[in-house]
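Report on one structure; see the data block that follows.
Proteins get letters first, then strands, A, B, ... in listed order; numbering begins at 1 in each.
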Number of protein chains: 2
Amino acid sequence: MEKVESTLFEGLTDDEYARMTECFKTTLRAHRKGEEVAIPQGRVGVVHRGRISVMKTDEDGVRTIFEQLASGGVFGAMLGIAAADAGFFLVAEEDCEVLYVDYDHIMKRCPKACAYHSTIVRNLVRLMADKTQALSEHLEILSHRTTRDKLMAYFRMLAAKSRNPYFTLPFSQTNLADYLCVDRSAMLRELANMRREGLVEIDRRNVKLNLHKTL
Amino acid sequence: MEKVESTLFEGLTDDEYARMTECFKTTLRAHRKGEEVAIPQGRVGVVHRGRISVMKTDEDGVRTIFEQLASGGVFGAMLGIAAADAGFFLVAEEDCEVLYVDYDHIMKRCPKACAYHSTIVRNLVRLMADKTQALSEHLEILSHRTTRDKLMAYFRMLAAKSRNPYFTLPFSQTNLADYLCVDRSAMLRELANMRREGLVEIDRRNVKLNLHKTL
DNA sequence: GGAAATTTGTTGTAAATGCAACAGAGGTCT
DNA sequence: AGACCTCTGTTGCATTTACAACAAATTTCC
């Protein structure tokens, strides 16, 4: 198997990488766009290429987007996803490659104290810190009570990340509503209001935030 | 310094613990009830005793409770809290003891490959997995669009955790509203409705969930 | 190129929510 | 014991929101 470039393996020499793949039971799997990706139970999934959405549909058919996992995104039953019984599921938004590593094997105390073993655990800490960051951001956005405030909080965040009042949404407006946990039509109504007031200009996924008006 | 029993140090022999405290710059700090706890910048805080709330007040004075950190809870600027500039702050809900460990030191590749070093990193992964779980739960609750659904989702979760339709809220009803990100009076109104319909019985922090009515 | 699916956009209406203001109960502290 | 503070509880009202239903534009896929 050729070497997989992933944050999880960062800092490993070629030699260490070779020994690691023997020692760890890593699997690289491809998922086609639109396919549902099973929630790994005893393993940790790391998105290597492509994009995966973590979603939930509740008993009333209301859909929510929890996370967008890009390259480096980690997921698994031990990592927050409360399993499919609660309505959670994963969907590949594009053709994906996902790396699966046995969780117990990572967490087992290594008798040989291999240097690469602890490197991987450290890298996992970094990936989980990123995930924590993403979840906190989402929480921060949902903490706002009105649709307008949620939109503004999210737009400000995207503008800050791209260091540009012009930016592109990572998903369609329909999905944006699911991410903000608001009704789509209500969101569109509010977006129309904001457009009218000159707060934002928005065309499909392209947004311009007029920050000077937001004070 | 006497040995601190913490998940972070789990699996360490006494000897390893002794060497660890030298190698790592761990600090144990006490925080009085009601005190504000500074957000650690280059370090990771681990709640050893007591309870800490992660909160935010936005520009309109709206308060949100993001997390309740109990024993084992981890926090820090690298772990989601977007720093005080965004209005985040920590408050000790009870007298607390918090363990601070230098983040870089944990993440540095250890030249001696000490066994205890990698044990601590592994333990940190476990603590962060718990945090991810807690954040995901909160997100799941906020994903519901109505106050009633938020309340029910939260109550069901607490009932499931305590394996008992009777359970105790971890905070006051006032704070519950801040956790659910809804207006307090609106929440109380909805609680009154639910009480009237026989869905729940609630007295201060004591709740009984009548699950048979919830289908 | 054309059919099918998805996305964007709009509107009416009933219901839910935020906001403000107030009153009483319960707890805490000295 | 009393002052003070926080928490619980209630209500009116204006606004926001969810829900439903629909039309048009755009993208995807064969």
Side-chain angles (χ1 to χ4, degrees), chain A residues 32-35 53 55 57-65 91-95 142-153 168-197 199-207, chain B residues 32-34 53 55 57-65 91 93-95 142-153 168-197 199-207:
Chain A
R32 291 251 182 78
K33 173 177 179 178
E35 263 184 18
S53 289
M55 309 205 262
T57 339
D58 70 14
E59 50 282 357
D60 303 323
V62 177
R63 211 182 56 151
T64 307
I65 296 180
V91 174
E93 297 289 347
E94 314 163 356
D95 287 356
L142 293 194
S143 76
H144 292 91
R145 282 144 168 73
T146 67
T147 302
R148 175 179 292 224
D149 284 347
K150 287 179 187 172
L151 282 166
M152 286 305 289
T168 305
L169 298 176
F171 30 50
S172 69
Q173 293 182 21
T174 302
N175 286 341
L176 175 60
D178 290 342
Y179 180 78
L180 301 181
C181 297
V182 294
D183 182 75
R184 186 187 62 89
S185 69
M187 185 191 86
L188 254 53
R189 193 182 339 233
E190 193 57 37
L191 267 180
N193 293 340
M194 290 162 71
R195 217 174 337 214
R196 201 171 302 123
E197 295 174 34
L199 277 174
V200 291
E201 292 161 44
I202 186 167
D203 173 59
R204 319 220 136 258
R205 297 193 179 185
N206 306 305
V207 184
Chain B
R32 291 252 182 76
K33 174 178 177 174
S53 289
M55 307 205 265
T57 339
D58 69 14
E59 50 282 359
D60 303 322
V62 178
R63 211 183 53 153
T64 307
I65 297 181
V91 175
E93 297 289 346
E94 313 163 358
D95 287 356
L142 293 195
S143 76
H144 292 92
R145 282 146 168 70
T146 68
T147 302
R148 175 179 292 222
D149 285 347
K150 287 179 187 173
L151 282 166
M152 288 304 289
T168 306
L169 297 176
F171 31 49
S172 69
Q173 294 182 20
T174 303
N175 285 342
L176 176 59
D178 291 341
Y179 180 77
L180 300 182
C181 298
V182 295
D183 182 75
R184 187 186 62 86
S185 71
M187 185 192 82
L188 255 54
R189 179 158 25 201
E190 193 57 36
L191 267 179
N193 295 339
M194 290 162 69
R195 215 170 346 212
R196 202 171 300 124
E197 297 173 33
L199 278 174
V200 292
E201 292 161 44
I202 186 166
D203 174 57
R204 318 216 137 261
R205 297 192 180 188
N206 306 306
V207 184

### Query
Listed by chain and number, what are the side-chain hydrogen bond (donor to acceptor under 3.5 Å, both in side chains) partners of A/Thr57, not counting sequence neighbours?
none
### Message
Can you work out whether B/Arg148 or A/Ala192 has the more 5'-proximal nearest nucleotide on DNA chain C?
### Response
A/Ala192
### Summary
At a 4.0 Å cut-off to heavy atoms of chain A, the contacted part of DNA chain D spans D/dT17 to D/dT26
## Note on the structure
By side-chain hydrogen bond (donor to acceptor under 3.5 Å, both in side chains), A/Arg63 pairs with (sequence neighbours left out) A/Asn175, A/Asp178
## Note on the structure
Taken to the nearest whole Å, CG/B/Asp60 to P/C/dG18 is 13 Å
### Message
B/Asp58: which residues meet the side chain to side chain contact (heavy atoms under 4.5 Å, CB included) condition with it, sequence neighbours left out?
### Response
A/His144, B/Lys56, B/Asp60, B/Val62
#### Entry: Which residues share a side chain to side chain contact (heavy atoms under 4.5 Å, CB included) with A/Arg195, sequence neighbours left out
A/Ile202
### Query
Looking for any heavy atom pair under 4.0 Å, which part of the strands does A/Thr174 touch: base, sugar-phosphate only, or nothing?
base
### Message
What does the B/S/- profile of nucleotides 22-30 of chain C look like, 5' to 3', with a 4.0 Å heavy-atom cutoff to protein?
### Response
----S----
### Message
Expressed as a whole number of angstroms, how long is the span from B/Asp178:CG to C/dG18:C1'?
### Response
14 Å
### Task
Could you tell me which residues satisfy salt bridge (Lys or Arg N to Asp or Glu O under 4.0 Å) with B/Glu94, sequence neighbours excluded, listed by chain and number?
B/Arg51
### Summary
Heavy-atom nearest pair, B/Leu180 first then B/Leu142, reads O-CD2, 3.3 Å
### Query
Between A/Gln173 (CD) and C/dG9 (C1'), how many Å, whole number?
9 Å
#### Entry: Test side chain to side chain contact (heavy atoms under 4.5 Å, CB included) applied to B/Val91 - qualifying residues, sequence neighbours left out
B/Met55, B/Phe89
### Query
Rounding to a whole Å, what distance do you find between A/Asn175:CG and C/dT6:P?
11 Å
### Partners passing side-chain hydrogen bond (donor to acceptor under 3.5 Å, both in side chains) against A/Gln173 (at least two apart in sequence or in another chain)
none
### Query
How close do B/Cys181 and B/Thr64 get, heavy atom to heavy atom, and via which atoms?
SG-CG2, 3.5 Å
### Query
Taking five pairs at each end, how big is the angle between the two axes of the helix from C/dG1-D/dC30 to C/dT30-D/dA1, to 10°?
70°
### Summary
Here the distance between atom C1' of C/dT8 and atom CZ of A/Arg189, to the nearest Å, is 15 Å
### Task
Begin with the C-alpha distance, continue with both residues' side-chain angles, and end with the deciding distance and a verdict on side-chain contact (heavy atoms from CB on, under 4.5 Å) for B/Met152 and B/Met194.
CA-CA 10 Å; B/Met152 288 304 289; B/Met194 290 162 69; 3.4 Å; yes
### Query
Between atom CE in B/Met194 and atom C1' in C/dA16, what is the gap in whole Å?
14 Å
### Query
In chain order, what residues pass the side chain to side chain contact (heavy atoms under 4.5 Å, CB included) check against A/Asn193, with sequence neighbours excluded?
A/Arg148, A/Glu190, A/Arg196, A/Glu197
### Message
List the residues meeting side-chain hydrogen bond (donor to acceptor under 3.5 Å, both in side chains) with B/Thr168, not counting sequence neighbours, and say none if there are none.
### Response
none
### Query
If each of B/Leu188 and A/Lys150 is mapped to the nucleotide of DNA chain D with the nearest heavy atom, which maps nearer the 5' terminus, i.e. the 5' end?
B/Leu188
### Query
So what does A/Ser185 touch, heavy atoms closer than 4.0 Å: a base, only the sugar-phosphate, or nothing?
base
### Query
Quick one: A/Asp149 CG to C/dT17 C1', roughly how many Å, whole number?
14 Å
### Task
Provide, to the nearest angstrom, the distance between the CG atom belonging to B/Leu151 and the C1' atom belonging to C/dA16.
13 Å
### Query
Below 4.0 angstrom from OP1 or OP2 of C/dA16, is there any side-chain N or O of B/Thr146?
no
